[in-house]
Every structure is written in structure tokens, then in C-alpha cells.
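Encoded as C-alpha cells, the structure appears first; notes follow it.
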Amino acid sequence: MIDLIRRQIELLKLLSRQREYKPASFFSKLLKVSTKTIYSDITYLQSEAKKYSIDIICVPRIGIYLEGTQKNIQKMIREIQEEEFNYEVKYSPEYRRLWILRKVLIECEKITLESVSQKFLISKTSLYQDVEEINRRFQNNDEKKTKLKVGEQGFYVEANEIEIQIALKNFLLTEQQKETTFFDFMKQLNQLFGSEIIKVISKLILDDYCELTDTLSEYYLESLLITIIVQASRLQKEHHIEKEDSVSYNNIQYIKTYIVANSIAEYLKGKLHLRYNDDDVEYLCRQLFAHKVTSDTKKTDSDYDKTVRIVIQRMSEIQGVDLTADKRLYNALIQHLPPMILRLKKNIHVANPILGTMKKEYPELFTMMWYALAEIESKYQVVLTEDEVSFILLHFQLALDSFVDVGNIIVVCTYGVSSSQLILKRVKQILPAKDHITVMNLKKLQEADLSKIDLIISPIDLEEMGVPYVKVNPFLTKEDYTNILDVYAKQVLLPGEKSKGKTGYLISAPTLRQYLDPNFIFLKKNFKNKQECLDQMIQILEKAGAVNGKFKNSVYKREGMGITCVETGVALPHADPKTVYEAKIILVTLKNPIDWDGVDVSLIIMTAFPEENMKQIRDVINELYQLISKKENVDTFVKIGTKEQILDVFHQ
């Protein structure tokens, strides 16, 4: 009879949570009984509900619904729950074990064998049996064998933080292997953890992040809830994860999982006032990955599909390469976009731990990304952050890497085949597998066409051959490795660096030069601040009819998202291409630098490009970075006194 009553109580709770008619099959599935049993229970519960002026309505082929005021429904559920939690349950061995664990590991209180014995009116022998059962469930095939112990000071556990959290999880999941409902599971959690933590985390995982978790099995879902609740409960008492040196999340493999982990941590920080450090977030990231929860599990629809294809097409036009057939890029973005939109709409900030490095390593691409992603902001009415842009940049950089030119390298054979093969083998260990590495003797080298060769590696001195070469020891020393990588980086990875410095301040800028108009060049101007400067530049474009009425708002919106200047003292303000009618570039040098979000800026270049000119953005940005990447170049440039001299710098 007790089981029947418990099931009926769970049915009432379920009915109270519904806002619309639900079929009997909905309740039978959750309670693991037949629909016939559900209807039988409904008949029995009708009389109980009427005591509270509540009616259980059953409409054929539509469903079941609980009708009554919210106040009466809440009162009924509250009184039934109080009645349910009777003496027998409260003093059961399971409740007692959960109480001990709550005191020792969640509330972190000192409890002794004597005090627990007196509270529950049981013998110390029974308590030792409780400890034995707790430890059995703690271990659950865990080699660490974390144990609850009893000493002179009371109950305690000697283990590191990860071991404690795993032990608690094992304890709860061992019980869940029995035939119990999800509601039994939640009830058990309420006995061990604080109700607010359970409420907040359950809502986050089951509602806010349901599209990330609705594909999980019930076991995985329960395991995930326990994992996050246990960690949050321990963090309330400032118990943090110890750093594990062997784990690193500053890499591409875990970045999508890290996004979700950081989102959850930021949300719980605000809701539960917890303090997650980097190691706590990394541990959470690892647990999410183990539970198969990443942004890849997000459902998609045709709306996101269209947006992703537009973004890829726009970036293809900007970069001058066709990325539209890259399935890996498409899949990465189609999975990344929905949770990103969710985070932005809910104001959940996600910090990219390698944002600074990415901005430094890919400054041109970072600037171009804003143009490509304007579609997302306007369509979903969100404001992108630098961190979110950098996450998307990561996917595009991976795709663009496949277009990088292959290096052509020759290893010179002089001391015989064995020696050259040794050099070849060791060179292949340090250079990318995609490079073409060929072995040649001196005679063949002298006869070969070297016009497409990037680097020669030789154990002897060579005459001038018009190709960079590195002389190495036949056995390759550490110094040889360093020299090879240094020359390889300059000649293969960064070929554009070869010509830098040879032209002084004459910059090859055929695309940029097309858009430089003397009427939009202003030298040695005086502005009090950033706003005054932006307002005047925007006004010039408005008077020229080059932009629409939304341009100004778009410029300031972009400024609010993140820093638009570089550390060399140059600002690059811009706006959504949809707010631009005609492509224009305004170039302004200042008599005295002004503060631009913490950077002293003396050169401002505002680019205004409509969507039809997206193909030119890449060349314009790359050509600009020839000038603005070095502070000495910028310092010299801003001293130029005439527009003619400015135009002369950018030759076609």
C-alpha cells in the first residue's frame, strides 16, 4: 500500500507542474506504470483533490489536467509531502547515511559517533554498519578507495577534492542502479544537498540547457546533475579542485566543451554566489566532455543553417578562398552558433583563456571576423563580444590552414645515403608532414630548377644559389634544430616577412589605394576624446551620403563590444556593412594622441564597406597591417604633413 501511495503522490506532483493537458502515456512513462494504472490512480485521487477545491479533469483524446488555484495546488502538494515524509522514512538507514554524508562532506561539520547514536537512537554497532555500507558505495570499482572513517574527533574522510567528489557521486549512482524513478532520484538529492542548489542547477540543465542534454540517457543525465551539484555544494564551503599539471584546456580539442563549462560556471557564480577558479572550470569541462556534453550536441534548424552558410560565404569572399565546401567548418559552426546565441541573449559571459594570444597572432583575421559576423548580430539582435568572436575565429583559422602553401625543401646528400637519410628522418620529425622534402646530391642540386624551393638543408657550405639554406651537423644538434625552425618560419610560414623593411614607408597597397580619397584624409587634427573624433568622422560620411541613419549606432555598438584599436596606437572603427551605401575610408592623424580604451591613439582609420564590397575587405586589412603592425612605422606616418605624401606611401 505504501508503494501505491508514493506513486499517487508523485502523480499529483507531476500534474501540478503541467500548464496544459498531457496524455496518460506522458505520466505512465515517467512513473513506469501502465496508462490503465494512471487512470485508476486518477479516480482514487479525485476525492483527495476535492478537499482542496481542486479538480482532476480527464478529456478523452486530449489528456489530463489539474484545475484549481495555484495557492490551493501548492497547499495540497506541501501538506502531502509533509505527510509522506513520516517517521519511518526519516529514521531509515538510507536517510541516516545521507544525513551523515551531508554533515561531514556538504556542511563540513564535526559529528561524533556518540552524537549520531543519540540523535537516531541506535547503537554504535549499527553506525559502523552504516560506515561500511557508505564505503562500499563510495568505491564502486574506484581504485582510489576513498573511505569514510571514524576517529576520536568524529567522522572524517582523508582524500583530495576530486576523490571526495567522485566518492559522493559513486554513492548516489550506486543507489540509482536500482529500479527507481527520476523523482525518487531528485528526492534523494534533496536529502543530501541544499534545495536552492538543486533548484538552480536542475533548471539550468533541464530547461536552459535542455538542447544540450536532451539526447542524454537517463543515467547520463542523473550522473551529470550529481556531478555539477556535488561540485557546487563543495564550492560553497570553498573546497576547490587541486591543479592537475597533465591537463590543459588551452587547445582546440576541448575548446567547444570549455565554452559550455565556462557558461555554466558563470551562470552559477551569479545565481549561487560561488567562486570557480580556473582548475574548477577545467574539472567541470572534463566532466562535461565525459558525459558527452559539448556544443556539438546542440540541435539545429534551417534558420541556423541559413545563417551559417551566409557567414561562411561572406568569409570566403573576404578571404578570397572557397570555404563553402568545408564540411568540418560547417559542422563546427552549426553546432557552435545556437548555444552562443543562447549565451548572448541570457547575458552569460564566456571568457576565452587564449583571447590575448589569438588577437596577437591573428590581428588581421580578428578584424575581418567582425565584418563576416555582422549577419548574426542583426538577425538575432545580439551583441557579440571579443571572446565569442575569437571562438568562431578558431574554427575559421583551422579551415584556412588547409589553404596554406606547402613548403618545398631539399636535403643535400654529401656523406652518403645513410647520412642524408638520418638528416631527412630528423628533419621530418620537426617539420609539418604536408611539406615536400627531397634528398639531392650536389650535382643534381646544381642542375635543378630552384625557383619554387623555399629552403635547402646541407651538411656543407654552399655557394650562393638564390635560396636560403641552413648548414647543419650530419647528426643534427639542438642548435641545428633551432636554426632550421627559424629559417623555416621566415621562408615558409611567414613569406611576407621577406620583403618587409625593403620598401621603407612605401607600402604595396593596390586595393587600399583605390579607396583613399584626399577629401577623406585629415591630418594633425585636435580632438578632446574618442567620442568627439568618432562623431566628426561619422558626420563626414553621413554628409557624403555614404552611410544610412543606422551607421552611427552601429559604430558605437561595435565599440562597446570590444577594443577596436591595436597597441601600436591605431584605431580601426567600423560598422555593420548593412548600414553602408558606398565604400569609403576615412584616415585621420592627430596632433596629440587621445585615449582609446586604454591605448594612446594617434592614427584613426575608419573603414565603411557595404556588403557588395566584402571581397575587398581582406586586401584592405592586410595592406593596412603592413603599416600599423609596427609602432615605429605609425610614429613616422603620423608626422607626415601633406595628403599627397600620405597617398605616396600607399602605392599601387
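Computed from a predicted model, the values in this text were never measured in an experiment. As a basis for the values below, the full set of heavy atoms in this structure was taken, side chains included, without hydrogen atoms, waters or symmetry mates.
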Any salt bridge linking Lys124 with Glu114? Criterion: basic side-chain nitrogen under 4.0 Å from a carboxylate oxygen. yes
If you count every heavy atom of other residues, nucleotides or ligands that lies below 6.0 Å from [X] atom [atom1], does the total exceed 12?
| X | atom1 | value |
| --- | --- | --- |
| Lys271 | NZ | no |
| Lys50 | NZ | no |
| Lys147 | NZ | no |
| Glu132 | CD | no |

For a quick check under 3.5 Å, do [X] and [Y] share a side-chain donor-acceptor pair by atom type?
| X | Y | result |
| --- | --- | --- |
| Thr112 | Ser115 | yes |
| Asn160 | Glu242 | no |
| Thr37 | Ser34 | yes |
| His240 | Glu238 | yes |
| Tyr330 | Asp305 | yes |
| Tyr380 | Thr307 | yes |
| Ser123 | Ser126 | yes |

Test side chain to side chain donor-acceptor pair (under 3.5 Å) on Gln165 and Glu161; report intermediate values, then the result. CA-CA 6 Å; Gln165 293 192 24; Glu161 186 56 29; 2.9 Å; yes
Ring centroid separation Phe366 to Phe396 under 6.0 Å: no
Determine whether Asn72 and Thr69 satisfy the following criterion, side chain to side chain donor-acceptor pair (under 3.5 Å), listing intermediate values before the conclusion. CA-CA 5 Å; Asn72 287 345; Thr69 65; 3.2 Å; yes
Test the Arg102-Phe193 pair against the cation-pi criterion, namely NZ or CZ under 6.0 angstrom from the six-membered ring centroid and within 45° of the ring axis. no
Minimum side-chain heavy-atom gap Ile106-Leu168 below 4.5 Å: yes
Should the ring pair Tyr21 and Tyr65 be called parallel, tilted or perpendicular, given that the plane angle runs from 0 to 90° and is split at 30 and 60? tilted
Any chance you could measure Leu235, atom CG, to Arg275, atom CZ, to the nearest 0.5 Å? 8.5 Å
